[in-house]
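Reading through the structure tokens given below for one structure.
Note that ligands are numbered from 1 as they come in the structure, with each ligand's atoms numbered from 1 the same way.
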Amino acid sequence: MTGARLLGLGTYRPGRLVTNDEITRQVDTSDLWIRTRTGISTRRIADDDETTVAMGVSAADKALAAAGLAARDVDAVIGATCTAPSQIPGTAPQVAARLGASAAGTFDINGGCAGFCYAVSTAADMVRAGSARHVLVVATERLSDYTDWSDRSTCILLADGAGAVVIGAAETDHIGPAVWGHDGSRPEAIQVPGRGDNSFRMEGPAVFRWAISLVPTLRTVCDRAGVAPEELAAIVPHQANLRIVEALAGGLGVPDVPIARDVVDSGNTSAASIPLALDRMMEAGEVVSGDPVLLFGFGAGLTYCGQVVRCP
Ligand code: ACO
């Protein structure tokens, strides 16, 4: 077996739903402004016990069950997060320990909002190379820990949640080549500065323009996978905000291909947003097992990564 594929997908959405009206009680904004500029109506915000690790464990449990595997079958756990509660230790070993994945190697990837796609690519390469039979990718984020609730340009966007996939071997490849890149000359465009300032800061309009400039890259992702854009069953970009999602997907020029719009209800959950959005589309029957979908993550760095995968 020389290929890799997604074997199972699981997610966790925090119980607490925060409406735009609730946000208007904290900052000078309106439901209409938020919906018009971002498309967001509600977002999920974690309670104290819904930690990055706890949400990741819940999503991972579901992904393993969907794959028909037990924790002991996992050879590696990759955490994809930019909101780990501590710099050290990483999230992956804590998730693995809680799952009982005692044989697994563990490490985290911080690719900002592109972290899930980088982790999927890494996991697929590990499986293809034979260094692991099953790799669990756990994207889990608590952006609310880093949200400045007095900054109206960012607190309207950010949210919490987790998504996980299990990747294993396949006779033919169901995970296409990753296309990635970065503009690291602008670290201040999206940052948590540190050194006393642990709040998420963003140059919104600059990020917006950079994200939209990536439209041709989505076409490259399809080309590298040998899939024509019109053959896609869905386009699942990072759920930054609806205007970016629709501009990126719209740039492919395939209006009949469904676009993930989970951001409307779930807000921007950084690395977790793509598995959350894909799960939502699978639950709704918009895509089914084996369908080719385009995943495309982009964010802090500035960095991006995308690939075409077949649905688990
Ligand atoms: N309510 C009302 N007014 C607001 C709000 C708000 N919540 N936020 C900003 N404004 C005001 C500004 O103060 C500004 O007022 P001014 O003209 O008097 O100075 C005006 O609205 C326009 O501000 P802009 O920042 O230019 O607004 P823009 O139309 O660009 O929308 C937004 C802001 C939504 C943040 C937009 O820039 C955006 O979507 N950027 C991309 C952000 C993103 O999705 N990043 C994703 C990567 S990061 C990650 O995923 C973790």
task: Output yes when a protein non-hydrogen atom is found under 4.0 Å of atom 27 (O) of ligand 1, and no otherwise.
output: yes
field: Lys/Arg-Asp/Glu bridge criterion (N-O < 4.0 Å) met for D160, R142
entry: no
- request: Output the list of atoms in ligand 1 that are nearer than 4.0 Å to some heavy atom of F200, sorted by atom number.
  value: 48 (S), 51 (C)
- request: Would you check whether F298 reaches within less than 4.0 Å of ligand 1, judged by its heavy atoms?
  value: no
field: Atom indices of ligand 1, in the order listed, that fall short of 4.0 Å to a heavy atom of I156
entry: 7 (N)
message: One residue to check: I190. Relative to ligand 1, which of side chain, backbone, both or neither has a non-hydrogen atom less than 4.0 Å away?
response: side chain
message: Using side chain to side chain contact (heavy atoms under 4.5 Å, CB included), reason through R280 and R13 one step at a time and then give a plain yes or no.
response: CA-CA 11 Å; R280 169 74 61 99; R13 296 174 193 275; 3.6 Å; yes
- line: Candidates A189, S153, G204, C113; heavy atom nearest atom 36 (C) of ligand 1 found on G204
- prompt: When you check the gap from the basic side-chain N to the acidic O, do R261 and D265 get nearer than 4.0 Å?
  reply: no
- request: Rounded to the nearest 0.5 Å, what's the gap from CG on L136 to CG on D61? Could you check?
  value: 9.5 Å
message: Does the protein come close to atom 21 (O) of ligand 1 - that is, does one of its heavy atoms sit below 4.0 Å from that atom?
response: yes
query: How close does the nearest protein non-hydrogen atom get to atom 38 (C) of ligand 1, and which residue and atom is it?
result: N241 ND2, 3.5 Å
Side chain, backbone, both or neither: the part of V27 lying under 4.0 Å from ligand 1 by heavy atom: neither
field: Test side chain to side chain contact (heavy atoms under 4.5 Å, CB included) applied to T29 and I34, step by step
entry: CA-CA 7 Å; T29 188; I34 299 171; 3.6 Å; yes
task: Take V257 and L252, measure what side chain to side chain contact (heavy atoms under 4.5 Å, CB included) needs, and give me the verdict at the end.
output: CA-CA 10 Å; V257 176; L252 273 180; over 6 Å; no
field: Value rounded to 0.5 Å, distance of CG in N198 from OG1 in T83
entry: 12.0 Å
message: Out of N268, L32, L158, I23, who is nearest to atom 50 (O) of ligand 1 when you count heavy atoms only?
response: N268
field: Exercise check, heavy-atom protein proximity under 4.0 Å to atom 41 (C) of ligand 1
entry: yes
- prompt: Counting each atom of ligand 1 from 1 as listed, which ones have a heavy atom of P205 under 4.0 Å away?
  reply: 25 (O), 26 (O), 30 (O), 37 (O)
query: Which option out of H238, R37, R152 puts a heavy atom nearest to atom 15 (O) of ligand 1?
result: R152
- request: Just need the protein heavy atom nearest to atom 45 (N) of ligand 1, so name the residue and atom and give the distance.
  value: M202 SD, 3.3 Å
- prompt: Any idea which protein heavy atom is nearest atom 8 (N) of ligand 1, and the distance to it?
  reply: W33 CH2, 3.4 Å
query: In terms of atom number and element, which parts of ligand 1 are under 4.0 angstrom from non-hydrogen atoms of T38?
result: 34 (C)
- prompt: Atoms of ligand 1 less than 4.0 Å from A240 heavy atoms?
  reply: 44 (O), 46 (C)
message: Any heavy atom of I244 closer to ligand 1 than 4.0 angstrom?
response: yes
task: Specify whether Y118 and W180 have parallel, tilted or perpendicular ring planes, treating 30° as the upper limit for parallel and 60° as the lower limit for perpendicular.
output: parallel
Donor + acceptor pair across side chains of R43, N20 (<3.5 Å): yes
query: If you measure from the Lys or Arg side-chain nitrogens to the Asp or Glu carboxylate oxygens, is any gap between D31 and R35 under 4.0 Å?
result: yes
message: Can you name the atoms of ligand 1, numbered from 1 with element, that are less than 4.0 Å from a heavy atom of T29?
response: 1 (N), 2 (C), 6 (C), 7 (N)
- request: Find out whether L214 and F298 are in side-chain contact, i.e. whether some heavy atom of one side chain is under 4.5 Å from a heavy atom of the other.
  value: yes
R209 vs E203, salt bridge (charged side-chain N to carboxylate O under 4.0 Å, His left out): CA-CA, chis, key distance, verdict: CA-CA 10 Å; R209 284 192 296 275; E203 296 171 358; over 6 Å; no
message: Distance under 4.0 Å to a non-hydrogen atom of V207: what atoms of ligand 1 satisfy this?
response: 45 (N), 47 (C)
